[in-house]
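Naming: A, B, ... by sequence-line order, numbering from 1 per chain.
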Number of protein chains: 2
Amino acid sequence: MGDVFKALADPTRRTILDELAERDGQTLFEICARLANHDQLSLTRQGVSQHLAVLEEAGLITTRKEGRYKFHYLDTTPLAAIFERWPITGKGQTP
Amino acid sequence: MGDVFKALADPTRRTILDELAERDGQTLFEICARLANHDQLSLTRQGVSQHLAVLEEAGLITTRKEGRYKFHYLDTTPLAAIFERWPITGKGQTP
DNA sequence: TTGACAGGCAAGTAGTGGCTTGCCTATCGT
DNA sequence: ACGATAGGCAAGCCACTACTTGCCTGTCAA
């Protein structure tokens with residue numbers, strides 16, 4: 001299991017998560033197309049593929065293979081560990 | 001305002017947050033000592049200082065100067081943005 | 001006022017990460 | 001069977017980042 005925080009550190013990976021949040025179960029090429037279209041993000045298919053690998057390693061996405069297609073599904077459960085570690089207190093600001 | 005995710009990406013910075021969660025309002029030297037003692041982490045005072053700067057830039061800690069001391073306070077409010085962006089759904093796992 | 005203490009400001013270095021390029025495998029349609 | 005499609009593997013490059021070293025500033029106690 002990879003590092004969830006490191007996976008979230010990259011802006012492109014966060015955008016990928018956004019894409020999957022909006023439309024779950026996309027394939028690699030679909031994600032590539034969507035990133036290029038309404039995110040103006042231009043990167044190689046390999047780039048996206050590597051990002052997906054990192055996200056899967058972190059447990060933020062799960063995959064399902066079907067024939068020559070590989071579908072990617074968002075899984076936000078690892079994020080819960082963040083709040084267990086540092087509970088959110090509304091206090092903030094120095095008094 | 002810096003990147004919250006990038007700030008969380010480094011393990012040392014997360015340990016620093018843990019320290020502040022356990023004992024809030026510590027000074028730079030105190031944090032250095034605690035990291036060295038019960039975290040077995042050996043790094044220069046500068047290293048810690050730079051980490052604190054990143055965390056402050058990300059809004060995860062606030063500082064209060066008093067004389068020659070500078071106290072550091074944990075602020076977890078920026079973390080809320082994570083959950084607003086990707087709500088945690090207990091579903092998980094591919095069916 | 002002098003020295004000890006708390007912290008800041010660089011500049012330099014080794015390592016990591018994101019991205020590309022090039023080539024290879026597997027599955028589907030015709 | 002053959003080409004097109006969907007994806008994987010591996011090496012190489014560039015940029016960033018964590019960390020150190022060295023020096024400098026400001027504050028307190030004696």
Worksheet entry | Atom-pair distance (CD on B/Glu57; P on C/dG8), nearest Å | 14 Å
Item to complete: Could you check A/Arg14 against B/Asp3 for salt bridge (charged side-chain N to carboxylate O under 4.0 Å, His left out), going step by step and ending with a plain yes or no?
Response: CA-CA 12 Å; A/Arg14 278 171 292 191; B/Asp3 194 336; 3.1 Å; yes
Worksheet entry | Check: D/dG8 base within 3.5 Å donor-acceptor of A/Arg45 side chain | yes
Worksheet entry | Under 4.0 angstrom between B/Lys65 side-chain N/O and D/dG26 OP1 or OP2 | no
Practice prompt. State plainly whether one hydrophobic cluster holds both A/Ile31 and A/Val54, where clusters connect Ile, Leu, Val, Met, Phe, Trp and Tyr through side-chain heavy atoms under 4.5 angstrom apart.
Written response: no
Worksheet item: Looking only at side-chain N and O atoms, does B/His51 come under 4.0 Å of OP1 or OP2 in D/dC19?
Response: yes
Discussion item. Nearest whole Å is fine: how far is C/dG17 P from A/Leu55 CG?
Written reply: 14 Å
Item to complete: Among the candidates D/dG8, D/dT21, D/dA6, find the nucleotide nearest to the side-chain atoms of B/Gln46.
Response: D/dT21
Fill in: Heavy atoms from other residues, nucleotides or ligands near CZ of B/Arg85 exceed 12 (cutoff 6.0 Å)
yes
Item to complete: Please state how far atom NZ in B/Lys6 lies from atom P in C/dG17, giving the value in whole angstrom units.
Response: 13 Å
Fill in: d(CZ, A/Arg14; P, C/dG18) in whole Å
11 Å
Discussion item. Applying a 4.0 Å non-hydrogen cut-off, can you work out what A/Gly47 is touching in the nucleic acid: base, sugar-phosphate, or nothing?
Written reply: base
Worksheet item: Is a donor-acceptor pair below 3.5 Å formed from side chain B/Gln50 to base D/dT20, judging by atom type as modelled?
Response: yes
Fill in: Distance test, side-chain N/O of B/Thr12 to OP1/OP2 of D/dC19, below 4.0 Å
yes
Worksheet item: Does A/Arg13 make a side-chain N or O approach to OP1 or OP2 of C/dG18 shorter than 4.0 Å?
Response: yes
Worksheet item: Quick one: on DNA chain C, does A/Tyr69 or A/Leu41 contact a more 5' nucleotide (nearest heavy atom)?
Response: A/Leu41
Practice prompt. For A/Arg68 and D/dG7, give me the distance from atom CZ to atom C1', rounded to whole Å.
Written response: 11 Å
Worksheet item: Does a nitrogen or oxygen in the side chain of B/Thr44 sit under 4.0 Å from OP1 or OP2 of D/dT20?
Response: yes
Worksheet item: Within the distance-only criterion (no hydrogens, no angle test), does the side chain of A/Asp39 pair as donor or acceptor with the backbone N or O of A/Leu41 below 3.5 angstrom?
Response: no
Worksheet item: Looking just at side-chain N and O atoms, do A/Thr63 and A/Glu56 make a donor-acceptor pair shorter than 3.5 Å?
Response: yes
Practice prompt. Write down the distance between CD (B/Gln26) and C1' (C/dA6), rounded to a whole number of angstrom.
Written response: 15 Å
Discussion item. So, OP1 or OP2 of D/dG8: does either fall under 4.0 Å of a side-chain N or O from A/Ser49?
Written reply: yes
Discussion item. Can you measure B/Glu66 atom CD to D/dT27 atom C1' for me and round it to whole angstrom units?
Written reply: 13 Å
Worksheet entry | Rounded distance in Å - CD1 (A/Ile16) to P (C/dC19) | 9 Å
